[in-house]
Amino acid sequence: MRRAPLLTLLLTLGLSTAEARVRLGELLPQHPWKAAAQEVVVVYSHDCGDLGDLWSAVLAAGLPVRAVNAEGFPSPAPAGVQAWTGEAATLFARRLRVGAYPTVLLVQDGRIMNAWEGTFTGKLE
């Protein structure tokens, strides 16, 4: 088993359009940050458990990271990452049709290019 860079993980575990609740190719719903050419959006909630490995992989990808803390219970993001919280963050997650927390999105020019949902162990099996 080996640790995988986030982009490799997303390409390996990415959901097909038919299986995804989050629709690949769609524009992100309205959000408060200035979009980057390519970015990673992490949508999570307070009951995701320890996200240390996930945050490490996300930050190691070298892309701008957007944290969306949905469902109304504050949960911290890593140092240097400002989490978007509150009702608007939850509405964002629901407009995306997130099926499970955490959800990681690879976004390019505002469009969802790949999505991964579920428990992250930091390893490819």
Inset, instruction - Count the heavy atoms of every other residue, nucleotide or ligand shown that sit under 6.0 Å from CD of Q82, and state whether that count exceeds 12. - result: no
Closest contact, heavy atoms only, [X] versus [Y]:
X: A70; Y: A93; answer: CB-CB, 4.0 Å
X: P29; Y: R95; answer: CG-CB, 3.8 Å
X: K34; Y: E39; answer: O-OE1, 4.5 Å
X: L59; Y: V65; answer: CD2-CG2, 4.0 Å

Legend entry - H31 and F92, any side-chain heavy atoms less than 4.5 Å apart: yes
Inset, instruction - Taking the side chain as every heavy atom from C-beta outward, state whether L28 and I112 have any pair of such atoms under 4.5 Å apart. - result: yes
Inset, instruction - Dump the intermediate steps for side-chain contact (heavy atoms from CB on, under 4.5 Å) on V40 and V107, then the final yes or no. - result: CA-CA 6 Å; V40 176; V107 178; over 6 Å; no
Inset, instruction - Give me the ring orientation class for H46 and F73: parallel if the planes are under 30° apart, tilted from 30 to 60°, perpendicular past 60°. - result: tilted
Inset, instruction - Look up atom CD in Q108 and atom CE in M113, then write down how far apart they are to the nearest 0.5 Å. - result: 5.0 Å
Legend entry - Distance-only polar pair, side chains of Y101 and E71, donor-acceptor under 3.5 Å: yes
Legend entry - Candidate pair V68 and T103, rule side-chain contact (heavy atoms from CB on, under 4.5 Å), full reasoning: CA-CA 10 Å; V68 180; T103 292; over 6 Å; no
Inset, instruction - Determine, using the 4.5 Å side-chain heavy-atom cutoff (strictly less than), whether V43 and W33 are members of one ILVMFWY cluster. - result: yes
Legend entry - Any donor-acceptor N/O pair, N69 side chain to T85 backbone, under 3.5 Å: no
Inset, instruction - Carefully, step by step, assess R97 and E26 under the rule side-chain contact (heavy atoms from CB on, under 4.5 Å). - result: CA-CA 12 Å; R97 295 176 298 279; E26 283 190 359; 3.1 Å; yes
Legend entry - Ring centres under 6.0 angstrom apart (W84, Y44): no
Legend entry - Lys/Arg N to Asp/Glu carboxylate O, E87 vs R94, below 4.0 Å: no
Inset, instruction - Would you check, one step at a time, whether the test side-chain contact (heavy atoms from CB on, under 4.5 Å) holds for V42 with L105? - result: CA-CA 6 Å; V42 179; L105 306 173; over 6 Å; no
